[in-house]
Trainee: 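Take a look at the following structure, please.
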Amino acid sequence: MFGFANPKRFEKIRKPLFWLSLFGFFALLPFGLYEALYASPPDYQQGESVRIMYVHVPAAWLSLFVYANMALAAIVFVIWKHTLAGLFIKAAAPIGLAFTIICLMTGSLWGKPMWNTWWEWGDARLMSVLILFFIYIGIMGLIETFEDEDKGLFSASWLTIVGVVNLPIIKFSVEWWNTLHQPPSISTFEKLADPSIHIEMIPPLFLMTGVFFFFFLMMALMRLENEMLARRQNRVMRREGGR
Amino acid sequence: MNEFINSFEPYGFYVVSSYFITIVIFCFLAAGTLLKRRSLKKNEQEEK
């Protein structure tokens with residue numbers, strides 16, 4: 001695994017992975033949208049509004065997934081100083097932020113017809129996701145604050161590691177506190193076998209999660225390549241400036 | 001306002017807006033990434 005921390009070795013798997021993610025994204029997208037907008041039934045209580053779930057839930061899952069991956073990369077960067085791990089944090093943070101924004105905005109658009117409010121300040125799930133949004137912004141800001149990119153990445157790695165404490169809070173907030181946000185419907189394998197949502201709502205949910213996952217993979221690989229290119233160019237510029 | 005919201009039937013204003021926002025954010029992220037890549041590749045060519 002650590003072999004791929006070498007940028008040259010990583011370059012070898014980057015291209016096939018990118019094409020796989022591109023194919024996966026465009027292959028799943030029509031099926032996901034067909035299932036989400038047409039084939040799946042409307043909810044007996046929520047009606048058509050339930051279709052917001054097929055973008056809201058995958059965005060929420062991916063915002064946590066991206067952060068968990070960034071946290072792993074941050075640990076690797078802090079301990080072993082692997083450049084690629086540091087650059088992954090820089091590349092993935094805007095993608096995680098985008099998923100968090102989608103989650104917050106679609107949640108708000110779902111909340112208005114269901115709860116009759118766009119936002120509820122006292123709700124633990126909403127607030128913990130809002131904190132995740134600010135952590136993502138903090139990480140991105142911290143990287144850009146330092147002139148020496150490695151120092152920025154090091155500080156951002158520590159913030160990422162500290163911010164991990166927010167992940168279980170987000171996950172269990174609906175169980176620990178009595179919130180406006182509903183409890184999880186399919187969070188465990190046990191619940192997956194007997195979900196509290198209609199069984200026909202499961203395929204579009206997982207198809208759309210696949211679409212979101214492949215989009216993340218595609219963007220992360222492209223952004224990682226961008227960061228590697230930018231770093232190489234900066235190094236050349238600095239070398240030429242020093243002459 | 002109600003007329004505007006009703007014009008999005010059968011899905012409704014909130015569903016359409018959710019998918020629209022998702023598509024816009026995806027496009028924004030992809031465009032930003034591609035534009036940066038293009039400018040970096042251009043710089044690399046100029047260096048050569």
Side-chain angles (χ1 to χ4, degrees), chain A residues 22 25 29 32-33 36-38 42 46-56 58-59 91 94-114 118 208 211-212 215-216 218-234 236-237 240, chain B:
Chain A
L22 191 75
F25 177 76
L29 187 65
L33 286 177
L37 292 171
Y38 186 74
Q46 301 186 25
E48 300 289 344
S49 296
V50 77
R51 299 186 196 282
I52 297 173
M53 175 173 73
Y54 307 125
V55 284
H56 174 73
I95 311 170
L97 178 71
F99 286 135
T100 313
I101 293 171
I102 293 172
C103 172
L104 287 169
M105 290 183 84
T106 55
S108 193
L109 282 162
W110 200 3
K112 184 61 184 164
M114 293 304 116
W118 298 101
M208 289 303 278
V211 170
F212 276 56
F215 182 76
F216 157 67
M218 201 162 60
M219 286 297 110
L221 290 167
M222 279 173 77
R223 295 183 73 87
L224 199 52
E225 194 201 5
N226 282 357
E227 294 306 331
M228 283 158 68
L229 265 174
R231 179 169 274 237
R232 209 179 303 151
Q233 285 177 14
N234 282 345
V236 171
M237 254 167 59
E240 282 173 0
Chain B
M1 185 67 183
N2 276 345
E3 217 171 277
F4 175 71
I5 288 175
N6 289 340
S7 68
F8 290 97
E9 290 306 329
Y11 294 122
F13 167 75
Y14 301 106
V15 176
V16 174
S17 303
S18 296
Y19 282 79
F20 178 73
I21 284 169
T22 306
I23 291 166
V24 167
I25 292 175
F26 271 30
C27 289
F28 190 74
L29 196 65
T33 307
L34 285 169
L35 283 173
K36 192 176 176 189
R37 182 188 161 85
R38 213 176 91 173
S39 114
L40 285 165
K41 288 272 181 191
K42 210 172 150 187
N43 285 351
E44 202 178 44
Q45 293 247 308
E46 277 170 13
E47 271 170 27
K48 281 177 186 170

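Chain letters run A, B, ... following the sequence lines, proteins first, then strands; residues in each count from 1.
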Trainee: Rounded to the nearest 0.5 Å, how far apart are CD1 of A:I101 and CG of B:L29?
Mentor: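 Answer for the CD1-CG pair, A:I101 versus B:L29, is 9.5 Å.
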Trainee: Only counting residues at least two apart or in another chain, list the ones meeting side chain to side chain contact (heavy atoms under 4.5 Å, CB included) with B:I21.
Mentor: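 By the side chain to side chain contact (heavy atoms under 4.5 Å, CB included) rule, B:I21 matches A:M105, A:L109, B:I25.
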Trainee: Counting only heavy atoms closer than 4.5 Å, note whether A:V50 contacts chain B via side chain, backbone, both or neither.
Mentor: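 Neither part, no heavy atoms under 4.5 Å.
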Trainee: Is it the backbone or the side chain of A:L37 that comes under 4.5 Å from a heavy atom of chain B, or both, or neither?
Mentor: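 Looking at A:L37, backbone and side chain both touch chain B.
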Trainee: Could you pull out all residues at least two apart from B:L35 that satisfy side chain to side chain contact (heavy atoms under 4.5 Å, CB included)?
Mentor: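 None.
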Trainee: Which class fits the ring pair B:F26 and A:F25: parallel under 30°, tilted 30 to 60°, perpendicular over 60°?
Mentor: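 Rings of B:F26 and A:F25: tilted, 30 to 60°.
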Trainee: ring-ring contact (aromatic ring centres under 6.0 Å, His included): which pairs involve residues 27-48 of chain B, sequence neighbours left out?
Mentor: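 Residue pairs with at least one partner in residues 27-48 of chain B: there are none.
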Trainee: Return the option, out of A:A98, A:P113, A:A230, with the maximum number of heavy-atom pairs under 4.5 Å with chain B.
Mentor: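 Going by pairs under 4.5 Å, I would pick A:P113.
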Trainee: Donor-acceptor pairs under 3.5 Å, chain B to chain A, main chain and side chains both?
Mentor:
unit_1: B:Y11; atom_1: OH; unit_2: A:L37; atom_2: O; d: 2.2
unit_1: B:Y19; atom_1: OH; unit_2: A:R51; atom_2: O; d: 2.7
unit_1: B:T33; atom_1: O; unit_2: A:N226; atom_2: ND2; d: 3.1
unit_1: B:T33; atom_1: OG1; unit_2: A:R223; atom_2: NH1; d: 3.0
unit_1: B:K36; atom_1: NZ; unit_2: A:E227; atom_2: OE2; d: 3.2
unit_1: B:R37; atom_1: NH1; unit_2: A:E225; atom_2: OE1; d: 2.2
unit_1: B:L40; atom_1: O; unit_2: A:Q233; atom_2: NE2; d: 2.7
unit_1: B:N43; atom_1: ND2; unit_2: A:Q233; atom_2: OE1; d: 3.4
unit_1: B:E44; atom_1: OE2; unit_2: A:R232; atom_2: NH1; d: 3.4

